[in-house]
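Some notes on the structure that comes next.
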Amino acid sequence: MSRDWERLLKDLERASRLQRRQFLRALLASGVTLAGASALAACRQQATPTAAPAGQTPAAAPTQAQEGGLLTVAGYDNPNKWKGKTLVFAGFGGAMQDAQRKAVLEPFQRLTGATIVEDTTDIGKLKAMVDAKAVEWTVSQQGTFESRVLGQQGYLEPIDYSIVDKSNFFEDIAGEFDVGVIYWALILAYRTDKFGNNPPQGWKDFWDVQNFPGPRAMDKVDGPVGNLEFALMADGVPKEQVYQVMRTAEGIERAFKKMDEIKPHVTVWWEAGAQPAQLLTDGEVDMANAWNGRIDAAQRQGAPIAIQWNQGLLRTDSFIVPKGVKEKELAMDFINFATRPEVQAELSKYIPYSPTNAEAFDLLPEDLKARLPSAPAQKEKMLFADAEFWLANLDKLTERFNDWLTK
């Protein structure tokens, strides 16, 4: 194997939710063809997929098992419906997939008789499987931006909305080739002991190093996504007008000029979701933009940090079905199950990302709602990421952002 292939193989092994865009750009820049990507996927050493426990008939009385996980879901009362069928779910792993196992995968198995096998999602592997007409996965999870690109490129099955009930989805959740399954947010996080009764109220304060002194950390993982929107809001652009401004050359120049102001005060450009929470917890920085779930976890462990939801960037992840899937109807039924109100509410109890089905909020306690990014109280304060804008501009603005970072 050549040195270049060895390097790419190692990159693929490290590729994860935190690095997927960087890896894909590196792969394309290296000149690897689709055939080469298929060969690379073939030689990649995969973790052995694990099967969930054997299906069980749901108990009649309680709606929730003592150890967690739903025992009943409306419309799913036939424990033999998918008996003998295998559903391969490719998720992001870690805490997210642990939560999905309890709230979604194991209940679906119990209630339908399907055998669940788990794997780790990877855009390169999905493309290689589809190109080779050897699709192993049934359903995969990806960011919504990435999912819609894959759909446009012909790698995904259209979603069958005669099976997937979209009647209570929030706006822009039901895509042609993807279904949004969680909301998450890139937010402003800060140390409560540093700012006391005068916490930062938004990105104008994040940029205000005179009245809110202290080191900052900012997101390198998502590149320009979020950072440019925040810069414009710091410069006085109302959140409702951010993407209108960003669709002009003058608006992009304005955003990068504002980024120039904060750059000297950013001591860490973080490259993993756990970093900003740890930096804040350790007191190495006083403010950071960060993923809400990571900050929530640190808060519950006693860290003196808080979330400012105002002007956060609200985003989604989606479930997708690879083109040529062996069990298409099973895939659609699983997506329908995963987006039922009771199932989505259950998932939010295990990890603080929030439902895309509006009815799920009626099933959540008020204290949990206060921690979720798409709850009405938080959602109205935030900017919803414009998928259309970023699908058209991600590559060129990422290149410019990376160049800007090195200057």
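In this chain, residues are counted from 1 in sequence order. For clarity, every value in this text was computed on a predicted model and none was experimentally measured.
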Does a donor on one side chain sit under 3.5 Å from an acceptor on the other, for Lys127 and Gln153?
-> yes
Nearest heavy-atom neighbours spanning Ala185 and Trp309 | CB-CZ3, 4.3 Å
Are Asn292 and Trp184 linked by a side-chain donor-acceptor pair shorter than 3.5 Å?
-> no
Ion pair check, Arg300 and Asp296, cut-off under 4.0 Å = yes
So does Arg340 pair up with Asp165, basic N to acidic O under 4.0 Å?
-> yes
When you check the side-chain N and O atoms of Ser354 and Ser374, is any donor under 3.5 Å from an acceptor?
-> yes
Shortest non-hydrogen contact from Gln311 toward Gly202 | OE1-CA, 3.5 Å
Please name the pair of heavy atoms, one in Pro107 and one in Leu70, separated by the smallest distance, quoted to 0.1 Å.
-> CB-O, 3.6 Å
Between Lys263 and Leu405 the two heavy atoms that sit nearest each other are NZ-O, 3.6 Å
Would you say the side chains of Asn336 and Asp333 form a donor-acceptor pair under 3.5 Å?
-> no
Should we count CD of Glu261 as having more than 12 external heavy atoms under 6.0 Å?
-> yes
Please confirm whether Phe384 and Phe170 have ring centers closer than 6.0 angstrom.
-> no
Step by step, work out the side chain to side chain donor-acceptor pair (under 3.5 Å) result for Tyr243 and Glu229.
-> CA-CA 8 Å; Tyr243 287 109; Glu229 290 95 328; 2.6 Å; yes
Taking only Lys NZ, Arg NE, NH1 and NH2, and the carboxylate oxygens of Asp or Glu, determine whether Lys349 and Glu342 approach each other closer than 4.0 Å.
-> no
Would Glu399 and Lys396 pass as an ion pair if we require N to O under 4.0 Å?
-> no
Cationic tip of Lys166 above Tyr161 ring, under 6.0 Å, 45° of axis = yes
For the atom pair NZ (Lys85) and CG (Leu330), what is the distance rounded to the nearest 0.5 Å?
-> 8.0 Å
Under 6.0 Å from the NZ atom of Lys328, do we count more than 12 heavy atoms belonging to anything else shown?
-> no
Check whether more than 12 heavy atoms from other residues, nucleotides or ligands sit under 6.0 Å from atom CD of Glu329, and answer yes or no.
-> no
State yes or no: are the ring centers of Phe334 and Phe108 separated by less than 6.0 Å?
-> yes
Can Gln97 and Gln141 be counted as having a side-chain donor-acceptor contact under 3.5 angstrom?
-> no
Please test Asn227 against Asn289 for side chain to side chain donor-acceptor pair (under 3.5 Å), starting from the C-alpha separation and ending with a verdict.
-> CA-CA 9 Å; Asn227 287 317; Asn289 56 11; 3.1 Å; yes
Classify the side-chain pair Trp270/Asp219 by whether it contains a donor and acceptor separated by less than 3.5 Å.
-> no
With Lys239 as the cation and Trp203 as the aromatic partner, state whether NZ or CZ is under 6.0 Å from the six-membered ring centre and within 45° of the axis.
-> no
Between the side chains of Thr86 and Thr115, is a donor N or O closer than 3.5 angstrom to an acceptor N or O?
-> no
Is the shortest side-chain N to carboxylate O distance from Asp260 to Lys257 below 4.0 Å?
-> no
Would you tell me whether Thr339 and Gln344 have side-chain atoms, one donor and one acceptor, within less than 3.5 Å of each other?
-> no
Between Asp178 and Arg148, is there a side-chain N and carboxylate O pair less than 4.0 Å apart?
-> yes
Closest contact, heavy atoms only, Leu228 versus Ala255 | O-CB, 3.9 Å
Using a strict cut-off of less than 4.0 Å between a Lys/Arg side-chain nitrogen and an Asp/Glu carboxylate oxygen, indicate whether Lys125 and Glu136 qualify as a salt bridge.
-> yes
Please check if atom NZ in Lys369 has more than 12 non-hydrogen atoms from other residues, nucleotides or ligands closer than 6.0 Å.
-> yes
Applying side-chain hydrogen bond (donor to acceptor under 3.5 Å, both in side chains) between Ser140 and each of Thr121, Thr120, Asp119, report the one that passes.
-> Thr121
For the residue pair Phe230 and Phe206, is the inter-centroid distance of their aromatic rings smaller than 6.0 Å?
-> no
Please report the closest heavy-atom contact between Ala103 and Val343, naming both atoms and the distance.
-> O-CG1, 3.7 Å
Residues Glu106, Arg101: salt bridge by 4.0 Å N-O rule | no
